[in-house]
Amino acid sequence: MSTALVIVIVIVALIVIAMAISAGRRAAQRRELAQTQGQAQRDDAHHDVRQHREQAQESRTEAAVAEERAERARVEAELNEERARNREQELHEN
């Protein structure tokens, strides 16, 4: 009976050791997964920041182009007004 008891104890000990090793591996896998997910979230956040900055730069560029167009339109309007005054003056002189 003591031989059978020793065999049972050894088998139980081996099962406990196997369970402990398995639990350790699962914990390591969970840590690795958590690190990978955390890195992916940080990468996504950095991508979002870059994308927002690019959009902001595009908006600034569009605004600058619109300002330039508005300035050109203003100058053209002033030039047309000057031409109209000159033409009107010519008509009054003749």
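Chaining together hydrophobic side chains whose heavy atoms lie under 4.5 Å apart leaves Leu91 on its own.
Sorted by first and then second residue, the salt bridge (charged side-chain N to carboxylate O under 4.0 Å, His left out) pairs involving residues 85-94 (not counting sequence neighbours) are Glu81-Arg85, Glu82-Arg85, Arg87-Glu90. Every pair tested for salt bridge (charged side-chain N to carboxylate O under 4.0 Å, His left out) that includes a residue from residues 49-67 fails, sequence neighbours excluded, so the list is empty.
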Under 3.5 Å, side-chain donor or acceptor atoms of residues 16-36 against the rest of the protein: list the pairs with distances, not counting sequence neighbours.
from  : atom 1 : to    : atom 2 : distance (Å)
Ser22 : OG     : Arg26 : NH1    : 2.8
Thr36 : OG1    : Glu32 : O      : 2.9

Cut-off 3.5 Å, no hydrogens considered: what does the side-chain donor-acceptor table look like for residues 68-77, sequence neighbours left out?
from  : atom 1 : to    : atom 2 : distance (Å)
Glu68 : OE2    : Arg72 : NE     : 3.3
Glu71 : OE1    : Arg74 : NE     : 3.2
Glu71 : OE1    : Arg74 : NH2    : 3.3
Glu71 : OE2    : Arg74 : NH2    : 2.3
Arg74 : NH1    : Glu78 : OE1    : 3.3
Arg74 : NH1    : Glu78 : OE2    : 2.4

In residues 38-49, what donor-acceptor pairs under 3.5 Å come from side-chain atoms, sequence neighbours left out?
from  : atom 1 : to    : atom 2 : distance (Å)
Gln39 : OE1    : Arg42 : NH2    : 3.1
Gln39 : NE2    : Asp43 : OD1    : 2.9
Arg42 : NH1    : Gly38 : O      : 3.4

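A side chain to side chain contact (heavy atoms under 4.5 Å, CB included) with Val12 is found for one member of Leu14, Val8, Val10, Ile15 and no other, namely Val8.
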